[in-house]
A.B. asks: 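I have a structure I would like to understand better, so I am pasting it below and will then ask my questions one at a time.
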Amino acid sequence: MRIVTWNVNSLKARLERVEEWLTNNEPDIVCLQETKLADDAFPAITFAALGYEAFHHGEGRWNGVAILSRVGLDDPQAGFTASPGDDVFPGEARVAWATCGGVRVASVYVPNGREVDHDHYAYKLRFLGRLRTELEATSDPSADVAICGDFNIAPDDRDVYDPAAFVGATHVSAPERAALAELEAWGLSDVFRRHYDDGGLYSWWDYRAGNFHKGKGMRIDLVLASASLAQRSTAALIDRNARKGKAPSDHAPVVADFAPGGAA
DNA sequence: ATGGTCGTCCAACGA
């Protein structure tokens, strides 16, 4: 089973490239972020033609997340359901859930944070806490669970092109990394790191300043798998070729392959 | 040379 996460930075602007990539790479489950579409503008028919069911949770101009699956798609859920009285995240389409091929999947777009002193940074930390709360309330860590998305956090210094340049910045701060670790402590692990110890392997490069060509990136897009799923991880990669060429997203797709499950 | 780009849609703003 091949699971992919990809922040496409506007599905409208990226649809042709996404279609081509799906055709060439044949993923089973795809988590998309930053579709920047309203639900009625989501091109479900395009994905259906490629053999994918889809669930989209959008708001229009910003954010927007989706799950595509060619191994079934059940029990879709938009956003958070635990603690419904909590109005900390009004209207932002940042999480979609579905069960695909026996795996409970989430496509997550964690808030950027902007600056460490910014309200948006506090929002980012609350969002990560809320994600953990949701998992505790709705999912089972002994089942197959994959939380995939743009976390806007580089888990450690190997995941940043120049750690010294990011001291005091978002994406690397101790509270963000602690919030990610707390999420993982529910029972998730970063599948990519089961296969690579190296630094210099990134999933996002700023469009500006030729950063991609200079190798100035960060690894902020993650596939987090529960133990039973992670144990079946056979390969992982970041397809940086997808960051090249005409009109790329600023993120590359992260690919994770898993051996079939026993019960699923 | 210490900036540099995209996306949303036409004015800034967000990343």
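Here is the naming used below: chain letters follow the sequence lines, and residue numbers restart at 1 for every chain. Any value given below was found using the heavy atoms of this structure, including those in side chains, with hydrogens, waters and symmetry copies removed.
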A.B. asks: Using the P atoms only, state how far B:dC10 lies from B:dT5, rounded to an integer number of Å.
C.D. replies: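 Looking at atom P only, B:dT5 and B:dC10 are 22 Å apart.
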A.B. asks: Could you list all N or O pairs between the protein and nucleotides 1-3 of chain B that sit under 3.5 Å apart?
C.D. replies:
none

A.B. asks: Will you find, in the side chains of A:Arg14 and A:Ser249, an N or O donor that is under 3.5 Å from an N or O acceptor?
C.D. replies: no
A.B. asks: Is the charged tip of A:Arg94 near the ring of A:Tyr109: under 6.0 Å from the six-membered ring centre and within 45° of its axis?
C.D. replies: yes
A.B. asks: What interatomic distance, in whole Å, is found between P of B:dC9 and the corresponding atom of B:dG14?
C.D. replies: 15 Å
A.B. asks: Along nucleotides 5-15 of chain B, 5' to 3', which nucleotides get a B, which get an S, and which get a -, given that the test is a protein heavy-atom distance under 4.0 Å?
C.D. replies: BSBB--B--SB
A.B. asks: Answer with yes or no whether the side chains of A:Ser203 and A:Asp221 bring together a donor and an acceptor at under 3.5 Å.
C.D. replies: yes
A.B. asks: Is any side-chain heavy atom of A:Leu68 less than 4.5 Å from a side-chain heavy atom of A:Leu32?
C.D. replies: yes
A.B. asks: Indicate the atoms forming the closest heavy-atom contact of A:Val4 with A:Pro27, along with that distance.
C.D. replies: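 So the minimum-distance heavy-atom pair works out to CG2-CB, 3.6 Å.
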A.B. asks: Using the C1' atom on both, measure B:dA15 against B:dG4 and round to a whole Å.
C.D. replies: 16 Å
A.B. asks: Which residues pass the salt bridge (charged side-chain N to carboxylate O under 4.0 Å, His left out) test with A:Asp150, sequence neighbours left out?
C.D. replies: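 Partners of A:Asp150 under the salt bridge (charged side-chain N to carboxylate O under 4.0 Å, His left out) test: none.
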A.B. asks: Got a minute to check which stems DNA chain B is part of, using Watson-Crick or G-U wobble pairs under 3.5 Å, three or more consecutive?
C.D. replies: B:5-8 with B:12-15
A.B. asks: Taking the same atom, P, in B:dG7 and in B:dG3, what whole-Å distance lies between them?
C.D. replies: 24 Å
A.B. asks: With ring pair (Phe, Tyr, Trp, His ring centres under 6.0 Å) as the rule and sequence neighbours excluded, what pairs involving residues 9-46 of chain A come up?
C.D. replies: A:Trp6-A:Trp21, A:Phe42-A:Phe47, A:Phe42-A:His56
A.B. asks: Per the ring pair (Phe, Tyr, Trp, His ring centres under 6.0 Å) rule, what does the pair list look like for residues 207-240 of chain A, sequence neighbours excluded?
C.D. replies: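 As it turns out, the ring pair (Phe, Tyr, Trp, His ring centres under 6.0 Å) pairs with a partner in residues 207-240 of chain A, which skip direct neighbours, are A:Trp205-A:Phe212.
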A.B. asks: What I want to check is whether the side chains of A:Asn211 and A:Lys214 have a donor and an acceptor closer together than 3.5 Å.
C.D. replies: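 Short answer, no.
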A.B. asks: Any side-chain donor-acceptor pair under 3.5 Å between A:Gln33 and A:Thr5?
C.D. replies: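 Note: A:Gln33 and A:Thr5 side chains meet the donor-acceptor criterion.
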A.B. asks: Under 3.5 Å, is there a donor-acceptor pair linking the side chains of A:Glu20 and A:Thr23?
C.D. replies: no
A.B. asks: For nucleotides B:dC6 and B:dA11, find the distance between their C1' atoms and express it as a whole number of Å.
C.D. replies: 16 Å
